[in-house]
Amino acid sequence: MNLILFGPPAAGKGTQAKRLVETRGMVQLSTGDMLRAAIASGSELGLKVKDVLARGDLVTDEIVIALIEARLPEAEAAGGAIFDGFPRTVAQAEALDAMLEKRGAKIDAVVRLKVNDVALTERITKRFEEQGRADDNPETFKDRLAVYNKQTAPLLPYYEAQGKLTEVDGMGDIATVAAAIDSALA
């Protein structure tokens, strides 16, 4: 099964993806984790990514798609992937569909975690205070949220037209959201 967890930054996608990895044995393909690893490496790519994220912008499609494609064999061996933070644009969704189709696979389900902007800002502020992640700076987050709303929200009709979109209330506690996701995937 290939699953996309969809929602704005801090909606809980990473938390739910980790749980699904544990319960279903799937591989989490988190672009955020991949990008943070690139930054930590200190490579030229990492420095470029760091600058882009510090501005609150999205990394180019080419970089993100290459990172995803490199991890697909691992996901296939595990029986599926949980795409967390990808795709973010219709162009990325189309590229992902084409990439999977070449491999005889497809996206089976898309789960959208619905949350509100005020709650997201509170989550980010708390996570920034606890973890100090540069991309969680509350001021930068406002830019990330605006970019999400402008560029990523159009994915809803894309996946809805394919009959793959399910919406889950992401405002509950972790266990409640997890139960709703499990129900949607059943």
Side-chain angles (χ1 to χ4, degrees), residues 3-22 27-68 70-71 81-93 95-96 110-156 158 167-178 181:
L3 165 70
I4 295 173
L5 287 179
F6 185 67
K13 297 180 303 289
T15 298
Q16 293 301 327
K18 285 174 180 48
R19 183 193 63 82
L20 288 166
V21 165
E22 292 171 11
V27 172
Q28 177 186 9
L29 298 181
S30 166
T31 53
D33 289 349
M34 289 184 226
L35 293 170
R36 282 187 286 280
I39 291 168
S41 75
S43 67
E44 183 178 334
L45 175 63
L47 294 173
K48 185 184 226 181
V49 168
K50 182 178 181 179
D51 181 55
V52 170
L53 293 179
R55 291 191 313 264
D57 293 335
L58 293 178
V59 177
T60 66
D61 288 355
E62 293 78 17
I63 292 171
V64 176
I65 290 166
L67 290 170
I68 292 291
R71 298 279 311 275
I82 303 160
F83 294 92
D84 166 13
F86 180 85
R88 290 185 186 260
T89 65
V90 172
Q92 287 180 359
L96 178 60
V110 177
V111 175
R112 176 187 180 213
L113 300 178
K114 291 177 60 175
V115 292
N116 68 49
D117 290 357
V118 172
L120 289 179
T121 303
E122 290 171 1
R123 284 182 187 180
I124 281 292
T125 300
K126 182 178 180 186
R127 194 164 72 182
F128 180 70
E129 291 168 356
E130 292 173 354
Q131 299 176 16
R133 281 177 27 185
D135 58 327
D136 281 347
N137 177 303
E139 291 306 312
T140 301
F141 175 74
K142 290 176 186 171
D143 293 335
R144 291 175 64 207
L145 188 56
V147 169
Y148 167 82
N149 287 327
K150 180 180 178 186
Q151 295 183 0
T152 309
L155 284 167
L156 290 172
Y158 179 82
E167 295 189 339
V168 169
D169 182 358
M171 296 307 299
D173 60 45
I174 292 170
T176 301
V177 175
I181 291 172

Contacts of Thr15 meeting side-chain contact (heavy atoms from CB on, under 4.5 Å) (sequence neighbours excluded), chain-then-number -> Ile174

Heavy-atom nearest pair, Pro8 first then Leu113, reads CD-O, 4.1 Å

Salt bridge (charged side-chain N to carboxylate O under 4.0 Å, His left out) filter on Asp169, not counting sequence neighbours, yields none

In short, side chain to side chain donor-acceptor pair (under 3.5 Å) pairs touching residues 113-125 with sequence neighbours left out are none

Between the CG atom in Asp84 and the CE atom in Met34, the distance rounded to the nearest 0.5 Å is 9.0 Å

Applying side-chain contact (heavy atoms from CB on, under 4.5 Å) to Arg36 and not counting sequence neighbours gives Asp33, Arg133, Asp135

With sequence neighbours left out, the residues meeting salt bridge (charged side-chain N to carboxylate O under 4.0 Å, His left out) with Arg88 are none

Phe141 and Ala10 have their tightest heavy-atom pair at CE1-CB, 4.5 Å

One should read off an interatomic distance between Phe86 CZ and Thr31 OG1, to the nearest 0.5 angstrom, of 8.0 Å

Flag the pair Leu67 / Leu35 as yes when at least one side-chain heavy-atom distance between them is below 4.5 Å, and no otherwise.
yes

*asked:* With a 4.5 Å cut-off on side-chain heavy atoms, are Ile4 and Leu96 touching?
replied: yes

By side chain to side chain donor-acceptor pair (under 3.5 Å), Glu167 pairs with (sequence neighbours left out) Arg112

CD1 of Ile82 to NZ of Lys18, rounded to nearest 0.5 Å, is 10.0 Å

Rounded to the nearest 0.5 Å, the OG1 atom of Thr89 sits from the NZ atom of Lys150 at a distance of 13.0 Å

The complete set of salt bridge (charged side-chain N to carboxylate O under 4.0 Å, His left out) pairs with one or both residues in residues 39-55, sequence neighbours excluded, reads Asp51-Arg55, Arg55-Asp57

Here the pair of heavy atoms bringing Leu29 nearest to Ala81 is CD1-CB, 3.8 Å

Sorted by chain and number, sequence neighbours left out, side-chain contact (heavy atoms from CB on, under 4.5 Å) with Lys142 holds for Glu139

Is there side-chain contact between Ile39 and Leu53, with at least one heavy-atom pair below 4.5 Å? yes

Sorted by chain and residue number, the side chain to side chain donor-acceptor pair (under 3.5 Å) partners of Asp61 (sequence neighbours excluded) come out as Gln92

Residues passing the side-chain contact (heavy atoms from CB on, under 4.5 Å) test with Ala178, sequence neighbours excluded, are Gln16, Arg19

All heavy atoms of Ala38 vs all of Ser41, minimum pair found to be O-OG, 2.6 Å

In terms of heavy-atom contacts, Pro87 and Ala93 come closest through CB-N, 3.5 Å

In terms of heavy-atom contacts, Pro138 and Phe128 come closest through CD-CD2, 3.7 Å

